[in-house]
Amino acid sequence: MDTVAGGASAKLEKTFDPAHFEERWYRTWEEEGRFQPVGPPGSPRFVMVIPPPNVTGRLHIGHAFGRTLEDILARWKRMLGYRVLWVPGTDHAGIATQMVIERELAKEGIDKFDLGREKFIERVWAWKRDAKDTIQSQIRRLGCSLDWSRERFTLDPDLSEAVRHAFVTLYHEGLIYRGRYVVNWCPRCGTAVSDLEVVHRDVDGQLYRIRYDVSGVSSGAVVATTRPETMLGDTALAIHPEDPRTAKLRGKTAALPIVGRALPVIEDPILVDREFGTGIVKVTPAHDANDFAVGKRHGLTEIVVIGPDGKMTAEAGEYAGLDRFEARQEIVKRLQAENRLVGVDPHRHSLGHCQRCDTVIEPYLSTQWFVKIAPLAQPAIRAVEAGEIRFVPELWTKTYFEWMRNIHDWCISRQLWWGHRIPAFTCVNGHVTVADSDPDACETCGSGELRQDPDVLDTWFSSQLWPFSVFGWPKQTEDLEDFYPTDVLVTGYDILFFWVARMIMAGIHFTGRRPFSTVNLHGLVRLAGEKMSKTRGNVVDPLVAIEEFGADALRFTYASSATSGTTVTLDRERLSSSRSFATKLWNAARFTLSQLDAGPRAEILPGRELSLPDRWILSRLSATAADVNRWLGEFRYDEASQALYGFLWHELCDGYLEMVKPVLSGRDGDEAARETARGVLERCLADSLALLHPFMPFLTEEIWEKLTGRTGTLIVSPYPAGDPAWRDLAAEPAVERMRALVTRVRNFRGDRRVSPTEPVILSVDPASAAEAEEIRTLEPLLRHLGRLADLRFGPAADGAERDVVSGIAVALSLPSLAAGANREQIARTLSQLDGEIGDLAAKLQNAAFLEKAPPPVVEKVRRRLFELEQRRAALATPASE
RNA sequence: AGGCUCGUAGCUCAGGGGGAGAGCACUACCUUGACACGGUAGGGGUCAGCGGUUCAAAUCCGCUCGAGCCUACCA
């Protein structure tokens, strides 16, 4: 359909089909540079960086949720006149992506070691290009207004340079060190992982009690362990220095079963809990972080018996080559045979699993790189304490402090191929050189024989630089100057520690400034009660939802589901209801456009005489606009979308549209009123489109074009703030009273089970002249909407049913049918009234209430009691039939 | 083991010291010229339980029960 520019005469298709225009509008916006910041540097700006999705495959509905919220903010701020920049990009996601490629290779029967590091990395790059395209097209379909000309990838040359510079800087500051420690090791992934990448889960295991012989102590020493296979690496037994139960073991030497090694009995008050088990602990420094610390304190040997592949090492003697869990069974069997197994008890305990592949994590002694984190954490804690960075919802502040104040050093080296190679070079003499560019010679001894560390960095080491590396840091670029620090970061709370906390630390450390001022943490998306997660594979593609319901409906569903809680439930019913809402808007627009066949009229409003309904809907529009702005300012997307839903559907469509249909029909011959109503209608539609645009950009832009004749300009049109001059505190209650009267009439028919078209006679007996005047003004509407046979002023006629509505005494009757009053219904209402009247009366007899409650509250209770009593009196008066 | 969050209508969830709310679902009626992805009206809740503070508690405090999440080196 061709568009007609310059008038509001264009028609909308009868049926609403989002697929018809969504892609077209995205293309238009992009071609016209709407996603790029416009305006001179220094003018008010709004900057966000996307949380870069992993290039592991496709976007799932959780990502789409976060991006929708960001786009709502971006579009809102853009319409408010800010210079908006939202930077897109993707994350190489080291371990996650490497796993995906390994799986792909496995399908082809290829082992990555046969392929070799370089060829493997080539494969990943090829994969990455496809995945990036997929993700980008998904984000486009969602309508996100990202500036694609600035798209970044964490492995881009300049971003890699930033990573290297960060590493080198921290190293020279003494904040990165290399050392041999027990780390979390995933035998399947073949790499160390950080504490955060270990998922703890309770599992049912066994606690084995094993007797070790001790020279001079006939009973020996019984130790308890959940991991008998590690005993092969025992190098001591430990007791508490003040435990009388184990005092006889002091200074003795034990013999390690199976192996026969002599184990000193050491005393360590930190390791040994006197309350637990036998009070004797086997010490395995190479396979337990606590034992490692004890080993350091007591100078114990570290014997590695489980290798990086999870199999027993040569140190394990006859068990060498066995898988760690097989070895456990064999050792238990052997101990049993040797009569050393004193007992086995079921034992439920927490066990670490690999976040990526769920393999049981092995504490493994190896040489790794670490970030000394405490000096970085301090300023990051202070920034939040000082309010320079704010979390929304606020409750996350506590969680942040909790973690930051108990933070541990961060293991950043990964034994992977996909990622940023660690810029450390070791010479033949073992000296380490760390530099921004590859060194030719060792900086200590000048040796030219250098070998770069084969490991790569934890993905999050590069992600933490994202808010400034995307702008060219460490170079002092214009972009960095202009767009950093950013304003708002929107992300899921699940990466508060992984990413947000680390960005705050890195941002402050490297740039001296907080990376953003507000962190909006949203909940995690569940679909039909099922938990979403990348590794579980039950992800749902947002494109499927877009194809079925339209991007606008998906977005509106996200917005209205975005409560401040920790989970967001996405279900089909909700999507379907959002689509209905889109359809409702479409049809309201169709109707409005059909009334505006001679061009726009909103500008004629100033100086015109407005009817009560006109004043009412403009007042509601103004209030709604103010509310939406306020809610968005508080990141309450749910409240904002609800306000719009309520206004558009229940006030504009159900209310105003129905009220003005008689005027618009022209049958009453009041041309001036008709023109005014058209103007009001146009104003309401235009502002509704603008208000809804951040939530439903495609549909609103489509209608906007038909309404204004301006193509693709809604995205940069001003966002309605809610004109206070339109607030009308007289029109609102007047129209609402009238609506209540109409409802009462319909209700009356319903009680009597007569047709909605059955004429009813309504008598009203206003208490004041002002009220009478108000009702007379609204009389045509009351007659029309209530389908009244007659509207009479004065006391109730014989046979009528009496009531009080909004303080107005009314009487209802059916002229045609002698339908008797619905006694049951009335009796039920009366008993409800009696209950409430009793409560209120008791309140007013309570001296303490009268004395202590604020006068307005007391007054309110009085008024309400009065109204209820009026109603009771009216209803209780038997109609004189 | 600690910490956090949550228990409100059949479902999903807002609200949060003074008259229990929304959307969906449900019931009845309505082919009214924007819309049946519609309209009109209606039913439905001792706001998890117990105790406390208060003139007043769904709302604040404590405890109990239940659910979820996070952190943690208990052999």
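Both backbone and side-chain heavy atoms feed into the values below; hydrogens, waters and symmetry mates do not. Residue numbering restarts at 1 for every chain, and letters A, B, ... go by the order of the sequence lines.
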Point to revise | Between C74(B) (P) and Arg348(A) (CZ): distance, integer Å | key: 15 Å
Review point. Taking only N and O in the side chain of Lys584(A), is any of them less than 4.0 Å away from OP1 or OP2 of A36(B)?
Key: no
Review point. Once the angle between the rings of His349(A) and His347(A) is folded into 0 to 90°, is it parallel (under 30°), tilted (30 to 60°) or perpendicular (over 60°)?
Key: parallel
Practice item. Identify whether any heavy atom of Phe581(A) sits under 4.0 Å from a base atom; if not, whether one sits that close to sugar-phosphate; answer base, sugar-phosphate or nothing. Key: nothing
Review point. Are OP1 or OP2 of A75(B) and a side-chain N or O of His347(A) less than 4.0 angstrom apart?
Key: yes
Review point. Does a side-chain N-to-carboxylate-O contact under 4.0 Å join Glu229(A) and Arg227(A)?
Key: yes
Check your understanding: Does Ile280(A) or Phe498(A) map to a spot on RNA chain B nearer the 5' end, using the closest nucleotide for each?
Key -> Phe498(A)
Check your understanding: In whole angstrom, what separates Asp268(A)'s CG from A75(B)'s C1'?
Key -> 13 Å
Review point. Between Arg636(A) and G15(B), does any side-chain N or O lie under 4.0 Å from OP1 or OP2?
Key: yes
Review point. Does U71(B) have OP1 or OP2 sitting under 4.0 Å from an N or O in the side chain of Thr399(A)?
Key: no
Check your understanding: For Phe591(A) and G39(B), what is the distance between atoms CZ and P respectively, to the nearest whole Å?
Key -> 14 Å
Review point. Where each pair must be Watson-Crick or G-U wobble with both distances under 3.5 Å, what dot-bracket representation of RNA chain B is obtained, with crossing pairs in [ ] and other-strand partners as |?
Key: (((((((..((((....[..)))).(((((.......))))).....(((((..]....))))))))))))....
Practice item. Return no unless some side-chain N or O of Asn747(A) is found under 4.0 Å from OP1 or OP2 of G42(B). Key: yes
Check your understanding: Quick one: is C37(B) close enough that its OP1 or OP2 comes under 4.0 Å of any side-chain N or O from Arg579(A)?
Key -> no
**Study point:** Rounded distance (Å) that lies between atom C1' of C37(B) and atom CG of Asp17(A)
**Key:** 13 Å
Practice item. With P as the reference atom in both, quote the distance from C63(B) to C4(B) in angstrom, rounded to an integer. Key: 11 Å
Review point. Would Lys398(A) count as a cation-pi partner of Phe391(A), with NZ or CZ less than 6.0 Å from the six-membered ring centre and within 45° of the ring normal?
Key: no
Review point. Hey, does Arg753(A) reach any base, or is it just sugar-phosphate, or nothing, if we go heavy atoms under 4.0 Å?
Key: sugar-phosphate
Practice item. Select base, sugar-phosphate, or nothing to describe what Leu196(A) touches, counting heavy atoms under 4.0 Å on all strands. Key: sugar-phosphate
Check your understanding: To the nearest angstrom, how far is Trp403(A) atom CH2 from A72(B) atom C1'?
Key -> 14 Å
Study note, to complete from the structure: Heavy-atom nearest pair, Val283(A) first then Val294(A), reads CG1-CG1, 4.2 Å
Point to revise | Distance between P atoms of U12(B) and G7(B) (Å, rounded) | key: 13 Å
Study note, to complete from the structure: From NE2 of His287(A) across to P of C73(B) the rounded distance in Å is 18 Å
Review point. What orientation do Phe65(A) and His522(A) show, parallel under 30°, tilted 30 to 60°, or perpendicular over 60°?
Key: perpendicular
**Study point:** Test item: Glu639(A) and Glu634(A) side chains (from C-beta on) under 4.5 Å apart, heavy atoms
**Key:** no
Exercise for review: Take atom NZ of Lys661(A) and atom P of G38(B), then tell me their distance rounded to the nearest Å.
Suggested key: 14 Å
**Study point:** Atom P, compared across U46(B) and U32(B): separation rounded to whole Å
**Key:** 40 Å
**Study point:** Donor-acceptor pair present, Lys398(A) side chain and C4(B) base, under 3.5 Å
**Key:** no
Practice item. Under 4.0 Å between any heavy atoms, over every strand shown, what does His784(A) touch: base, sugar-phosphate, or nothing? Just pick one. Key: nothing
Exercise for review: Determine, using ring centers only, whether Trp396(A) and Tyr400(A) are less than 6.0 Å apart.
Suggested key: no
**Study point:** Arg667(A) side chain, from C-beta outward: closest of A75(B), G33(B), G43(B)
**Key:** G33(B)
Point to revise | Any Thr757(A) side-chain nitrogen or oxygen under 4.0 Å from OP1 or OP2 of C30(B) | key: no
Exercise for review: Mind checking Asp654(A) for me? I need base, sugar-phosphate or nothing, with any heavy atom below 4.0 Å counting as a touch.
Suggested key: sugar-phosphate
Study note, to complete from the structure: So CD1 of Ile703(A) and NZ of Lys706(A): to nearest 0.5 Å the spacing works out to 9.0 Å
Check your understanding: What integer number of Å spans the P atoms of G49(B) and A25(B)?
Key -> 29 Å
Check your understanding: Mind checking the C1' distance from A9(B) to G43(B)? Whole angstroms is fine.
Key -> 11 Å
Give every pair of a protein N or O atom and an N or O atom of nucleotides 23-25 of chain B that lie under 3.5 Å apart, one pair per line with the distance.
from, atom 1, to, atom 2, distance (Å)
G23(B), OP1, His650(A), NE2, 3.1
G23(B), O3', Tyr645(A), OH, 3.4
G23(B), O2', Ser577(A), OG, 3.4

Exercise for review: Return the nearest nucleotide to the side chain of Pro854(A); candidates are G18(B), A14(B), C4(B).
Suggested key: G18(B)
**Study point:** G42(B) and A48(B), which share atom name P, separated by this distance in whole Å
**Key:** 27 Å
Exercise for review: Verify the ring-centre separation between Tyr364(A) and Trp185(A): is it less than 6.0 angstrom?
Suggested key: yes
**Study point:** P gap between A67(B) and U8(B), integer Å
**Key:** 14 Å
Review point. Taking it one step at a time, do Gln642(A) and Ser560(A) satisfy side-chain contact (heavy atoms from CB on, under 4.5 Å)?
Key: CA-CA 7 Å; Gln642(A) 202 178 44; Ser560(A) 58; over 6 Å; no
**Study point:** Pair Phe370(A) and Tyr181(A), ring centroids less than 6.0 Å apart
**Key:** yes
Exercise for review: Record whether the side chain of Glu658(A) comes under 3.5 Å of the base of A34(B) through a donor-acceptor pair of N or O atoms.
Suggested key: yes
Review point. Parallel under 30°, tilted from 30 to 60°, perpendicular over 60°: which one fits the rings of Phe497(A) and Trp403(A)?
Key: parallel
Review point. Of all the choices, U5(B), C74(B), C69(B), which nucleotide is nearest to the side chain of Leu395(A) once you look at every atom?
Key: U5(B)
Exercise for review: Using only side-chain N and O atoms of Thr569(A), determine if any of them is under 4.0 Å from OP1 or OP2 of C13(B).
Suggested key: yes
Point to revise | Interatomic distance at C1', A14(B) relative to G45(B), whole Å | key: 15 Å
